[in-house]
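Below is one structure; the comments refer to it alone.
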Amino acid sequence: MKLSLIGAAGQIGTPLSLLCKSSGLFDDIALYDLVHVPGIATDLNHIDTKGKVFGYLPDDEGLKKALDGADIVVVTAGIARKPGMTRDDLFKTNASIIRDIFTQAAHSCPKATFCVVTNPVNSTVPVAAQALRKAGAFDPKRLFGVTTLDVVRASTFASDALGGDDHGTIKVPVIGGHSGATILPLYSQAQPPVNLTSEQLATVIHRVQFGGDEIVKSKQGAGSATTCMAYASFRFIKGIVTAKSGTPVIEEAYVYLPGISGGKDIADEMGVDYFAVKVELGESGAVGAVPVGEISDEEKKLLEIVIRDLKGNIETGELFV
């Protein structure tokens, strides 16, 4: 199995490349970025796990070589958010990067499973879809916006509020998008149930929605969510690999719902085509979208905001291409 990691010299890509190499899940790992990746590849190849790592630069068709024959493509390329920068600011730069990467991917590895980490995911996934569609290579079952970090944060922050003794044991579905108020953790569906006051719950939900701002501020302009994003991205990648081996996996992801079994009904209910829900992963990609189910009255109010903001984000991405 070949993994292509595009943006591997960045603050997400480098720790993610380490996690992928140390896992022993891949025969080949192709790293691509504008700088440094040959050295990163040499460094990683000293690790005693399965998989040969190759580093490619833009010269001499590096992107094409990195993507050729890939089974899984993970895109972290683009600029990171800085203090005072909105996701709209990010989009202006990152949209063209995503368009160019996926235009090449449509020719080099049209049957790959694609994972978009580059923000703003709400808009960059529609850009990727449009680029693939224009080349006749768009398969909604194999294009994912990685929203796993929202799920990780929803679990972590609830544990923090409860005293921190149960990290990793709380499972919270997260639907919607992958930025600010478009992120909706469904604590009404948490397993095991989360017993928080309404004030605590409001604080936790806000933290999940704006956890990225917390990191940007703490790093004082030196970056945004990187190591936690690398961890979350690897968790999603591992789910894809497990599913490809024949064991179904359920993970949240931001997808084009009308192209996935069961997704059109959710899209019609929500009024948007791109939306993060629980997705069943199989050997061919997303084999089914899991209905949202019953949610609380407060979550219904928040969902109205999610849908309103998502519509604009999606339109921005689609109109770009």
Side-chain angles (χ1 to χ4, degrees), residues 3-23 25-26 29-37 39-41 43-44 53 55-57 63 66-67 70 72-83 85 87 89-91 93-98 100-102 105 113-125 127-128 143-153 156 177-179 183 210-241 251-254 276:
L3 171 77
S4 294
L5 180 51
I6 311 302
Q11 292 188 57
I12 297 171
T14 301
L16 180 54
S17 67
L18 171 61
L19 290 169
C20 292
K21 168 59 175 168
S22 62
S23 72
L25 292 174
F26 304 99
I29 299 174
L31 309 180
Y32 174 83
D33 213 322
L34 304 182
V35 293
H36 303 320
V37 283
I40 295 171
D43 197 354
L44 291 172
V53 186
Y56 299 98
L57 295 169
L63 180 59
L67 290 169
I72 299 173
V73 176
V74 183
V75 181
T76 66
I79 63 168
R81 196 153 58 99
K82 296 178 175 62
M85 180 183 286
R87 282 177 166 81
D89 296 330
L90 268 186
F91 179 78
T93 298
N94 289 350
S96 60
I97 295 171
I98 291 295
D100 295 346
I101 290 168
F102 278 88
T113 298
F114 300 105
C115 304
V116 179
V117 177
T118 303
N119 273 320
V121 164
N122 294 355
S123 301
T124 55
V125 171
V127 169
L143 175 63
F144 302 96
V146 180
T147 62
T148 314
L149 181 55
D150 302 327
V151 179
V152 171
R153 282 175 169 153
T156 300
H178 184 57
S179 68
I183 301 167
F210 298 96
D213 294 346
E214 185 178 310
I215 294 176
V216 169
K217 182 179 178 181
S218 181
K219 288 187 175 181
Q220 299 180 327
S224 55
T226 53
T227 50
C228 61
M229 187 68 240
Y231 164 82
S233 299
F234 178 69
R235 178 165 134 177
F236 187 74
I237 294 165
K238 193 162 54 172
I240 289 174
V241 173
E251 287 280 0
E252 278 88 346
Y254 184 72

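Sequential numbering from 1 along the given sequence is applied to the chain's residues. What you are looking at is a predicted structure, and each value in this text was computed from that prediction instead of being measured. What's counted below: heavy atoms across the whole structure, side chains too, no hydrogens, waters or symmetry copies.
The shortest heavy-atom contact between A225 and L149 is CB-CD2, 4.1 Å. The shortest non-hydrogen separation linking R235 to T148 is NE-CG2, 3.8 Å. The minimum heavy-atom distance linking A30 with Y56 is given by the pair CB-CE1, 3.9 Å. Nearest heavy atoms, A77 versus I101: CB-CD1, 3.9 Å. Taking all atoms of both residues into account, the shortest heavy-atom contact from R153 to C228 is NH2-SG, 4.3 Å. Considering all non-hydrogen atoms of both residues, I98 and T124 come closest at CG2-O, 3.6 Å.
The CZ atom of F114 lies 6.0 Å from the CZ atom of F102; values are rounded to the nearest 0.5 Å. Atom OG1 in T227 sits 7.0 Å away from atom CD1 in I215 (nearest 0.5 Å). Note: Y231 OH to L19 CG = 10.0 Å, rounded to the nearest 0.5 Å. Taken from CG in L63 to CG in D33, the straight-line distance is 10.5 Å, to the nearest 0.5 Å. Taking CZ of F210 as the start and OG of S179 as the end, the distance is 8.5 Å to the nearest 0.5 Å. Atom NZ of residue K21 and atom CG of residue L31 lie 11.0 Å apart, to the nearest 0.5 angstrom.
Looking at heavy atoms from C-beta onward, L25 lies in side-chain contact with F234 at the 4.5 angstrom threshold. Residues T113 and F144 form a side-chain contact, since some pair of their non-hydrogen atoms from C-beta on lies under 4.5 Å apart. With a 4.5 Å cut-off on side-chain heavy atoms, T76 and M229 do not count as touching. Between E251 and I240 the shortest side-chain heavy-atom distance does not fall below 4.5 Å. Side-chain contact between F26 and I237: present, with at least one pair of heavy atoms (C-beta onward) separated by less than 4.5 Å.
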What do the steps show when you test L143 against V116 for side chain to side chain contact (heavy atoms under 4.5 Å, CB included), and what is the final call?
CA-CA 8 Å; L143 175 63; V116 179; 4.0 Å; yes
Apply side chain to side chain contact (heavy atoms under 4.5 Å, CB included) to the pair V125 and H178, showing each step before the final yes or no.
CA-CA 11 Å; V125 171; H178 184 57; over 6 Å; no
Between L44 and S17, is a side chain to side chain contact (heavy atoms under 4.5 Å, CB included) present by the stated rule, with each step listed?
CA-CA 8 Å; L44 291 172; S17 67; 3.6 Å; yes
Dump the intermediate steps for side chain to side chain contact (heavy atoms under 4.5 Å, CB included) on F236 and V151, then the final yes or no.
CA-CA 11 Å; F236 187 74; V151 179; over 6 Å; no
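A donor-acceptor contact shorter than 3.5 Å links the side chain of T156 to the backbone of V152. For the pair T93 (side chain) and L90 (backbone), a donor-acceptor distance under 3.5 Å is absent.
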Check residues 3-16 and write down every donor-acceptor pair under 3.5 Å in which the side-chain atom is one partner and the other belongs to a residue at least two apart or another chain.
{"unit_1": "S4", "atom_1": "OG", "unit_2": "A66", "atom_2": "O", "d": "2.4"}
{"unit_1": "Q11", "atom_1": "NE2", "unit_2": "A222", "atom_2": "O", "d": "3.3"}
{"unit_1": "T14", "atom_1": "OG1", "unit_2": "A8", "atom_2": "O", "d": "3.0"}
{"unit_1": "T14", "atom_1": "OG1", "unit_2": "G10", "atom_2": "O", "d": "3.1"}

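Side-chain contact annotation: T118 with N94, donor-acceptor N/O pair under 3.5 Å absent.
Within a 6.0 Å sphere centred on NZ of K238, other residues, nucleotides and ligands contribute 12 heavy atoms or fewer.
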